[in-house]
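See structure below.
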Amino acid sequence: MSFHALGLSDELLAAVADSGYNEPTPIQRQAIPLVLMGRDIIGVAQTGTGKTASFVLPMIDILAHGRGRARMPRSLIIAPTRELADQVAQNFLKYGKNHNLSMALLIGGVSFGDQDKALEKGVDVLIATPGRLLDQFERGKILLSGVDILVIDEADRMLDMGFIPDVERICSLLGPNRQSLLFSATMAPPIKKLADRFLNDPRMIEVARQSSTNANIAQSLLMTGARDKRDTLRELLRAEEVTSAIVFCNRKRDVNDLADSLKRYGFRAGQIHGDMEQRDRLSTLEDFKADRISILVASDVAARGLDIKGVSHIFNYDVPFNAEDYVHRIGRTGRAGKTGIAVTLVTSADADLVADIEKLIGARIERRGAAPLETGSESKAAGKDGGDKDAAPARGRSRGGRRTKGGDRKAAAPAPEIVAAPVPEPEPEPEPKAARESKAAPAPVPAPARPTPAPKAAPRAARDEDIDDGTWNGPVPDFLSVSARD
DNA sequence: AAAAAAT
């Protein structure tokens, strides 16, 4: 089936063809005809499903006739983050190149000047984050009563970020005769309520069940000590065939620190988080897209919706606090039919979080890697000091590592020796690369599920950083399959 | 435990 059957104009089809797309995705097939008919829709779809084009394309054709009047945008798209808003704007530019539509992007962190000018002239398409939109509304710069089409993008994210009251406020400012499209990865009760209140007899389109992770993504967990994370990550970055990777941290400070560290080690890395200047956020993204950097260290500002081509790997430097965020983070890879690899660094403190994730995705994630040396034997008694009360029956533990899908990996390396000495600093970083690299490297990262160059690292001598309560010590507890909550 | 968004 091609785009031609969907009822779009020839100019639009030409722009789509120029973008290299031949076949509509399932959500596009379902949504585009409905939107063209003027129906309200609820699209339950994950990002990466072609969701954006499913509303951008029909909107361009609907808006093709007519003209935006001053301060009265004809359509409004609200997105939770600035980058997502920008991404939607890029889509309008790409697909609208044969149309003469005016557009304004209303996001925080950028000056009012251009935004004001565009609004004053009148726009067909207004794309905004809620905060700046309401700000501009209160300044009297926009009238929302002329909006014929409203899109609420990534509603579940809006919910997580506490934007629902803002969104409700915005909805209540719009005129009654409009078409509304709502997209969300989940239909949590507050979102359902929002839809009930502001949508008119919506058709529900469901593409992929939420919390189902993309089958194109090979996921694994890699056990590591809390103080070994940087070593482990660098090792991974070298062992894997990384063409471009996003490394997620839970904290903005760690994003900065880790990115700086990687740069010191010679990696082409950059960072993005919400405390950075908007200019820098966007330029880092551009650098990443243009392959001027290959590693993007990011906070969850980049977890959802960002559509960057060719991301080969996702590394969770920290296990995300929200299980949903895990799904979104790894969803930045394996897009558009490609395969992707997602590796999550796990320390003993992350047991509950991992349990939550596995519960959400309804699957056990493959454990990769050497558990640190089993000091005990394989005897049943070993289970006791591992903290796994209800030891699983057929766990197939073996010395030096746990069983993985492909059988015992011989890569299971001697684990760091535990020495009893006080821990000075987490990591004495600013050492020149050469000096540091020549040192024995950390425990090799075991081979992933698909063939990659063998890790070149050899077992190393214990260092101070090795001492760490987060280190896996003793038998590997099976907590990872035990649900910790409820 | 954090991050996101208006100044």
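So you know, we letter chains A, B, ... as the sequences are listed, proteins then strands, and number each from 1. Predicted, not measured: the structure shown is a model, and the values here were computed from it. As a basis for the values below, the full set of heavy atoms in this structure was taken, side chains included, without hydrogen atoms, waters or symmetry mates.
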- Establish, from distance only, whether the side-chain atoms of A:His328 and A:Asn322 form a donor-acceptor pair under 3.5 Å. no
- Task: Give a yes/no answer on whether the side chain of A:Arg82 brings an N or O atom under 4.0 Å of OP1 or OP2 in B:dA6.
- Result: yes
- Measuring from A:Ile152:CD1 to A:Glu168:CD, what's the distance to the nearest 0.5 Å? 9.5 Å
- Item | Side-chain N,O (A:Ser299) to OP1/OP2 (B:dA2) below 4.0 Å | no
- Task: Among A:Lys252, A:Arg332, A:Arg329, find the residue that satisfies the salt bridge (charged side-chain N to carboxylate O under 4.0 Å, His left out) test when tested with A:Asp300.
- Result: A:Arg329
- Item | Interatomic distance, A:Phe163 CZ vs B:dA3 P [rounded to whole Å] | 15 Å
- Message: Does A:Arg281 reach a base, just sugar-phosphate, or nothing at all? Heavy atoms under 4.0 Å.
- Response: sugar-phosphate
- Give the nucleotide from the list B:dA6, B:dA2, B:dA4 with an atom nearest to the side chain of A:Asp325. B:dA2
- Message: Distance check needed: B:dA3 P versus A:Asn322 CG, whole Å only.
- Response: 12 Å
- Query: Please give, in whole Å, the distance from B:dA5 P to A:Ile78 CD1?
  - Reply: 15 Å
- Note on the structure: To the nearest angstrom, the CD-C1' distance between A:Gln136 and B:dA5 comes to 15 Å
- Between B:dT7 atom C1' and A:Leu106 atom CG, what is the distance in whole Å? 14 Å
- Message: Distance check needed: B:dA4 P versus A:Asp275 CG, whole Å only.
- Response: 6 Å
- Query: Counting any heavy atom closer than 4.0 Å, what does A:Gly162 reach on the DNA or RNA strands: base, sugar-phosphate only, or nothing?
  - Reply: nothing
- Query: Do you know which of A:Asp231, A:Thr347, A:Thr232 makes side chain to side chain donor-acceptor pair (under 3.5 Å) with A:Thr224?
  - Reply: A:Thr232
- More than 12 heavy atoms of other residues, nucleotides or ligands under 6.0 Å from NZ of A:Lys192: is that the case? no
- Whole Å only: how far is the CG atom of A:Asp318 from the C1' atom of B:dA1? 10 Å
- Would you kindly compare A:Thr129 and A:Lys252 by the position of their nearest DNA chain B nucleotide and give the one closer to the 5′ end? A:Lys252
- Nearest whole angstrom, please: distance from the C1' of B:dA1 to the CG of A:Asp300. 13 Å
- Task: Could you please name the option among B:dA2, B:dA4, B:dA6 that lies closest to any side-chain atom of A:Asp135?
- Result: B:dA6
